[in-house]
Amino acid sequence: MSPAELPPWLWFYAAAVLVIPARGPVRGLIALSAPVLSALLLTGVEPGIYFNLHILDYELILFRADRLSLLFVYLFHVAAFIAILYSLRVRDTLQQTAGLLYAGSAIGAVLAGDLLTLFLFWELLAITSVFLIWARRTPRAIASGQRYLIIQLLSGLLLLAGALFQWHDTGSLAFDYVGLDGAAGWLIFLAFGIKCGFPLMHNWITDAYPEATATGAVFLAAFTTKVAIYALARGFPGETPLVYIGALMTCFPIFYAVIENDLRRVLAYSMINQLGFMVCAIGVGTTLALNGAVAHAFTDVIFKGLLFMSMGAVLQMTGRINGSELGGLYKTMPKTATLCIVGAASISAFPLFSGFVSKSMIMSAVLQENYQLIWLVLLFASAGVFHHAGIKIPYFAFFARDSGIRTGEPPVNMLAAMAVAALGCISIGLYPALLYDLLPWPPDYTPYDVSHVLAQLQLLFFSALAFVWLNLQGLYPPELRAINLDADWIYRRLGPGLARAIVRISGNCTDAIAIRIRHLCGRWLALGQRRFDSDTLKTLRTTSTMLICVALLLVVFVVFSGP
Amino acid sequence: MRADHNNKHLFDDPQRVRRLLRFFYGICTLLLAGDIVLHRHAVHPLEAIPMFYPVFGFVACVTLVLVARRLRTLLKRPENYYGAGDEDAADEPG
């Protein structure tokens, strides 16, 4: 067996182990060599199944390559390289290791040929990535990371339950088209939906990503949600509910983004909005739409990464990330500001930038299939993206009023990582064939024609005009030190409130069930008050043990029940 | 932190900001003219309406911001709403 036939995530896992004892430049070299070596080995890989593991009667497919999975694997290599380069100077073994394991797990998930392998990597994604949040080491990040972990693991359990039903119904665990026909389909759909940020299940993104470290958020933005998009594109293409779910996802977050103060949280809301475009396109399900969805995932990873990197640089250099405390940074961070504007132009789908060549495929596909109202919703969301991500992010961080903060450019490795991403945004914008040639289905589409370009420029410039006008009129909502209620209120306020009420009411009950319920509520309330170190690790250990038990149960089920 | 409060920067000069805005309004006007001069191929019936995109972009963004302002009055809570110690502490600058 040649090294090229080994699953590429092995190189990332190996590098993760090797960076632990390494120090200084050697550590950086090892970390960077993982995506580079792995990408070199991938160049000769043709579609096919390369690596299986037999456990008892069951076959785990660890390396299934086809044009859809390969596109995401290439993308994750680019994203890993950029994120590793960006975090090269981080002196924190925890983050360096977690970042590599996380990137490897994302690659493992998209190469999984069966639902059990997908589940394993799905959970590894959760467990490895939470350390990028906890590494911030603030009480807020710890609490947010715990919520993140619980939601992610819940998604995994739904996937496992769905896989179990699938096995029972069909006798196969192959991960191909799943569809929404039975309980298995719906369970898997929900599992993917949580990771993809479906409405009401989206809050973990806006809760946890802004709490991660400056470098950790760059890793986080690239992988989990895009693995979910890949999984939806493979399992549920053309499922009509996705059209409406996606359209809703493009719309509601932009209202939050306009009034949000934490600029990385604005980016998290805008990420849900971009995911909405992809989800909607997967629901439309034609080859143009699916190409558009995965193309947009590709460009999004790069431009969203660039925006998260620029805001990470601001956070690292100033220690602040709230729009209310920033402004005027272009004076001392002109390079970061310029690179941020490239990312902003790309996410806004300006012609000649990457977002334009991918998003216009989605818009055309939606119109072709006659979803006229949905098209209008997406058009509204497109104008909104420009407003909150394209203008608000660079404007409030780098321009607006002068906050008086005088700092400098971030270290050269961070600038280099941003420059690589910016180059990617511009290259794909100028030569769409770079991306189109990689798409799963041969595309027959030209983004640059007079109608498209003129329409898009009119939409964007007049959105900008609205921003200028609102600002001059003093109508633009000022950045305020405050938070906004979102769906997490349900489990952060309503749930604990109910639990407290139950504890109080059942205080005098001696009934065994009442005592049990009171005990459970008490434990849940205690979870919210934990601190880092031993308690955090305890959460992880308990949840991991639980997962291993459930996974073992599945194996027992598979071995003894048969289809 | 460098003390360069007294240095003049690109947008410190209000005259320059005004010039930039005038340039921006000029581009907007040219784009409006583009709708008359160039033929825009329409797929959606609304696209055929002259000036559809500029009007839509402007109205959409104004609506977005005005609705968001209203929403804020409903949704805004103090930073420590979810518990003490939850408010934002500034990180150490790197």
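These numbers come from the heavy atoms of this one structure, side chains and all, not from hydrogens, waters or symmetry mates.
- With a 4.5 angstrom heavy-atom cutoff, P478(A) touches chain B via backbone and side-chain atoms both.
- Outside the 6.0 Å centre-distance limit, the rings of F462(A) and Y53(B) are not counted as a close aromatic pair.
- Side chains of V43(B) and Q368(A) form no contact here, defined as non-hydrogen atoms less than 4.5 Å apart.
- Taking 4.5 Å as the limit, some side-chain heavy atom of L367(A) sits within range of a side-chain heavy atom of E47(B).
- Two residues are said to be in side-chain contact when any heavy atoms from C-beta on lie closer than 4.5 Å; N484(A) and K76(B) meet this criterion.
- Residues L465(A) and F24(B) form a side-chain contact, since some pair of their non-hydrogen atoms from C-beta on lies under 4.5 Å apart.
- Of the atoms belonging to A464(A), heavy atoms from both backbone and side chain fall under 4.5 Å from chain B.
- For L480(A), the parts lying under 4.5 angstrom from a heavy atom of chain B are both the backbone and the side chain.
- Considering every non-hydrogen atom in both C61(B) and A383(A), the closest pair reads SG-O, 3.7 Å.
- The shortest non-hydrogen separation linking G34(B) to L454(A) is O-CD2, 3.7 Å.
- Taken from CG in D12(B) to CG in D402(A), the straight-line distance is 7.0 Å, to the nearest 0.5 Å.
- Contacts between P78(B) and chain A at a heavy-atom distance below 4.5 Å involve the backbone alone (N, CA, C, O).
- The two residues S463(A) and G57(B) have their closest heavy-atom pair at OG-O, 3.7 Å.
- Here the CZ atom belonging to F461(A) is positioned 10.0 Å from the CG atom belonging to L30(B), to the nearest 0.5 angstrom.
- Using a 4.5 Å cut-off on side-chain heavy atoms (C-beta onward), W489(A) and Y81(B) make contact.
- The shortest non-hydrogen separation linking Y82(B) to R493(A) is CE2-CB, 4.2 Å.
- Below 4.5 Å, heavy atoms of chain B meet heavy atoms from W375(A), L376(A), L379(A), F380(A), all part of residues 374-382 of chain A.
- For L64(B) against G384(A), the heavy-atom pair with the smallest separation is CD2-CA, 3.7 Å.
- Among residues two or more places apart in sequence or in another chain, the salt bridge (charged side-chain N to carboxylate O under 4.0 Å, His left out) test is passed with D449(A) by none.
- Under a cut-off of 6.0 angstrom, the local environment of CZ in R70(B) is sparse, with at most 12 non-hydrogen atoms contributed by other residues, nucleotides or ligands.
- Of the two parts of Y330(A), only the side chain, counted from C-beta on, holds a non-hydrogen atom closer than 4.5 Å to a non-hydrogen atom of chain B.
- You'll find the side chain of Q458(A) stays beyond 4.5 Å of the side chain of L32(B), heavy atoms only.
- Residue I27(B) touches chain A through its side chain alone, counting heavy-atom pairs closer than 4.5 Å.
- Proximity to chain B at a heavy-atom threshold of 4.5 Å picks out V468(A), W469(A), L470(A), L472(A), G474(A), L475(A), Y476(A), P477(A) from residues 468-477 of chain A, in numerical order.
- For E479(A), the salt bridge (charged side-chain N to carboxylate O under 4.0 Å, His left out) partners are K392(A), not counting sequence neighbours.
- Options D486(A), L459(A), L460(A) differ in how many heavy-atom pairs under 4.5 Å they form with chain B, and the most are formed by L459(A).
- At least one donor-acceptor pair under 3.5 Å links the side chain of R72(B) to the backbone N or O of I259(A).
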